[in-house]
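Some notes on the structure that comes next.
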Amino acid sequence: MQEGPPAILTAAGVSRGRRVASGGLALAAAAAVWVPAVPLLFRVSPRDYAAPEGVPPMARALAERHLQMWTRPELRDQELARMRARNAEWDFMGRTFLVLALADMGLRDPSGAERNLEVIDRIVEETLRLEREKGMFFFLMPYARSSPFRAQPPRSLFLDGEIALMLGARRLLKEREDFKPLFAERVRIVAESMARGPVLCAESYPDECWMFCNTAALAALRMAEALDGADHAEFFSRWLATARSRLTDRATGLLVSSFTCRGSVLDGPEGSSIFMAAHGLQLVDEDFARDQYRRARSELGRTLLGFGWAREWPVSWTGPRDIDSGPVIPLLEVSAGSSGLAFLGASAFGDDAFLARLLTTLDFAGFPRTRGGALKYCASNQVGDAVILYGALQGPLWRKIREGTRRGR
Amino acid sequence: MAAERTGWRAWLGAPLLSPLGLLLRAAGIAAVFAILHAFGLREYATILCGSSPTGGPVDGIAAVFALAYILFWFLFVLGVPILALGAGLQALLLRLGPRPAPPPEEKA
């Protein structure tokens with residue numbers, strides 16, 4: 001006859017009540033022990049991700065994946081197709097963040113700068129070609145065609161500002177003569193279109209201005225000061241005064257995320273916008289930028305049991321779950337878009353405590369996958385990984401701009 | 001009255017809230033997760049950030065794969081250790097309390 005399991009394993013001969021009570025008690029005790037221990041398994045040292053100097057191992061592995069992608073067209077095409085199926089903007093923003101990250105990486109590790117320059121040039125040249133051949137709508141969401149732009153001929157600050165950032169970052173890493181006039185032209189367009197606006201901001205979509213795009217454009221203007229000796233100081237001070245008085249949410253003190261050309265608020269403060277906005281503003285007014293980060297951390301940042309994440313909207317503002325926020329996990333209100341950009345904010349403002357918790361969440365729920373020394377997060381996409389990479393490497397580029405601006409004065 | 005299970009049926013038929021029942025559930029979750037992982041469904045987790053897992057306009061099946069992988073990942077990390085620890089603790093509780101009565105002897 002075949003033997004059955006020992007009675008102690010099946011609780012044979014034990015009354016149902018005792019079996020259920022002992023099982024329930026055992027599971028509750030096991031959960032009480034295990035759940036608090038889980039974050040320890042996924043803890044990542046912030047120094048492995050971001051460091052004041054050099055290229056930390058995690059950043060190097062993340063960068064490797066992007067460098068492979070831009071040197072192997074089949075990988076790039078597959079990844080871009082996945083993103084463009086949902087949002088063409090991600091394709092464009094992924095390029096910007098990657099160029100910024102590679103420029104910072106080149107400044108941190110000059111021995112690898114040549115490979116980075118090669119990829120930066122490929123990205124910038126291809127982006128300019130696509131814009132030239134397919135028009136600006138190629139990188140915009142379909143609703144960009146739903147009504148006419150206020151500015152005629154139509155221009156999107158989303159493209160002009162970030163293309164200026166890419167060109168400027170390349171030149172800051174290593175000068176390229178033929179990029180000088182291209183950069184100067186974008187900076188001129190950005191400066192003129194923003195100055196024309198009633199609230200000193202330009203539209204990215206028809207009668208729709210985005211704080212993300214306008215603060216990125218301000219950073220590009222500051223790049224122009226460092227590179228070519230331009231002077232936008234007077235414009236910066238007018239812009240800051242206008243933003244404080246007309247583009248700030250009263251409940252939180254945070255800059256709103258989108259508004260009409262005349263300054264009517266469309267969307268309140270938004271996590272997928274404010275962390276990048278604060279980073280861009282570091283080049284314009286460090287104290288104001290730090291105050292915006294501190295408020296964003298308080299209003300949007302959340303931690304629990306060693307995990308950290310960011311909400312898309314503050315509690316005081318009810319906004320939609322949109323393409324920028326990504327899917328939002330209910331109850332905890334975890335937003336992929338906001339949490340990804342929170343890496344950039346926490347790193348840029350030296351918030352190691354929050355950064356450590358964000359990293360724990362990333363390792364737990366970001367589904368990392370390493371192959372051949374290249375790291376990617378399966379729960380993310382190319383633009384998400386590029387933001388996380390830029391968060392790890394940011395610093396030297398912004399320092400160089402500040403030093404260049406000081407020298408120019 | 002149902003006949004008493006013997007052999008593998010007795011192992012697999014252990015009640016849920018028994019040490020063996022908990023261990024079997026833990027093993028089942030781990031096995032399903034291992035299969036999903038082996039089939040490369042980790043890549044489909046990109047759905048969490050709103051990206052398309054396939055690049056196609058419709059991701060119905062892919063979304064199901066993605067959600068299954070994500071669900072079993074969390075069950076694997078959170079549920080399996082709790083079930084395994086719980087099995088050990090329950091066995092300890094049963095051993096500490098009054099011993100289970102021995103099964104009735106088989107009649108010749």
Side-chain angles (χ1 to χ4, degrees), chain A residues 1-14 16 18-31 33-35 37-38 41-42 77-87 90 323-327 329 336-337 340 364-367 369 377-384, chain B residues 4-11 13-23 41-59 66 69-70 73-74 77-79 81-103 106:
Chain A
M1 179 196 139
Q2 287 177 295
E3 287 291 320
I8 194 75
L9 286 182
T10 56
V14 173
R16 180 183 161 82
R18 189 177 158 215
R19 183 171 60 75
V20 170
S22 63
L25 186 64
L27 283 177
V33 170
W34 184 249
V35 171
V38 171
L41 298 178
F42 295 94
D77 292 348
Q78 184 186 38
E79 188 62 40
L80 294 187
R82 282 174 164 194
M83 291 198 301
R84 292 191 65 90
R86 291 284 181 274
N87 186 354
W90 288 343
I323 197 76
D324 295 323
S325 66
I329 296 171
F364 173 56
F367 300 97
R369 195 208 68 193
Y377 289 95
C378 296
S380 178
N381 52 20
Q382 187 270 332
V383 63
Chain B
E4 195 180 335
R5 287 170 175 160
T6 57
W8 63 270
R9 284 174 196 275
W11 286 87
L16 168 62
L17 282 176
S18 67
L20 184 57
L22 296 176
L23 282 175
L41 296 191
R42 196 175 182 84
E43 295 284 338
Y44 286 60
T46 190
I47 204 164
L48 279 175
C49 73
S51 261
S52 159
T54 60
V58 180
D59 282 324
Y69 184 87
I70 293 163
W73 161 253
F74 288 118
V77 175
L78 292 169
I82 289 172
L83 288 167
L85 273 172
L89 287 172
Q90 192 186 19
L92 196 67
L93 285 172
L94 291 174
R95 196 172 282 277
L96 290 175
R99 293 293 174 92
E106 283 184 58

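A, B, ... follow the sequence lines: proteins, then strands. Residue 1 opens every chain.
If you measure heavy-atom distances from A:Val35 to chain B, the contacts under 4.5 Å come from the side chain alone. The parts of B:Ile70 that come within reach of chain A are both its backbone and its side chain, each placing non-hydrogen atoms under 4.5 angstrom from that chain. At a 4.5 Å heavy-atom cutoff, A:Tyr377 makes no contact with chain B through either its backbone or its side chain. The parts of A:Ala365 that come within reach of chain B are both its backbone and its side chain, each placing non-hydrogen atoms under 4.5 angstrom from that chain. The part of B:Tyr69 that comes within reach of chain A is its side chain, from C-beta onward, which places non-hydrogen atoms under 4.5 angstrom from that chain.
Annotation: maximal heavy-atom pairing with chain B below 4.5 Å, among A:Ala28, A:Ala379, A:Gly384, occurs at A:Ala379. For the set B:Pro19, B:Gly86, B:Ala66, B:Gly88, the entry with the most heavy-atom pairs within less than 4.5 Å of chain A is B:Pro19. For the set A:Ala26, A:Pro5, A:Gly23, the entry with the most heavy-atom pairs within less than 4.5 Å of chain B is A:Pro5.
Counting all heavy atoms, side chain and backbone alike, A:Arg19 lies closest to B:Gln90 at O-NE2, 3.0 Å. Of all the heavy atoms in A:Asn381 and B:Ser51, the pair that sits closest is ND2-OG, 2.9 Å.
A distance of 10.0 Å separates SG of B:Cys49 from CZ of A:Arg86, quoted to the nearest 0.5 Å. Taking CG of B:Leu93 as the reference point, atom CZ of A:Arg18 lies at 8.5 Å (rounded to 0.5 Å). Here OG of A:Ser22 is found 7.5 Å from CG of B:Leu17. Values are rounded to the nearest 0.5 Å. Of the inter-residue distances, the one linking A:Cys378 atom SG with B:Trp73 atom CH2 reads 11.0 Å to the nearest 0.5 angstrom. To the nearest 0.5 Å, the span separating CD on A:Gln382 from OG1 on B:Thr46 amounts to 11.0 Å. Between the CD1 atom in A:Ile329 and the CG atom in B:Leu48 there is a gap of 6.0 Å [rounded to 0.5 Å].
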Working for side-chain contact (heavy atoms from CB on, under 4.5 Å), residues A:Leu27 and B:Leu83: CA-CA 7 Å; A:Leu27 283 177; B:Leu83 288 167; 4.1 Å; yes
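In this pair, A:Phe364 and B:Phe74 present their aromatic rings perpendicular. The plane angle is above 60°, beyond the 30 to 60° band.
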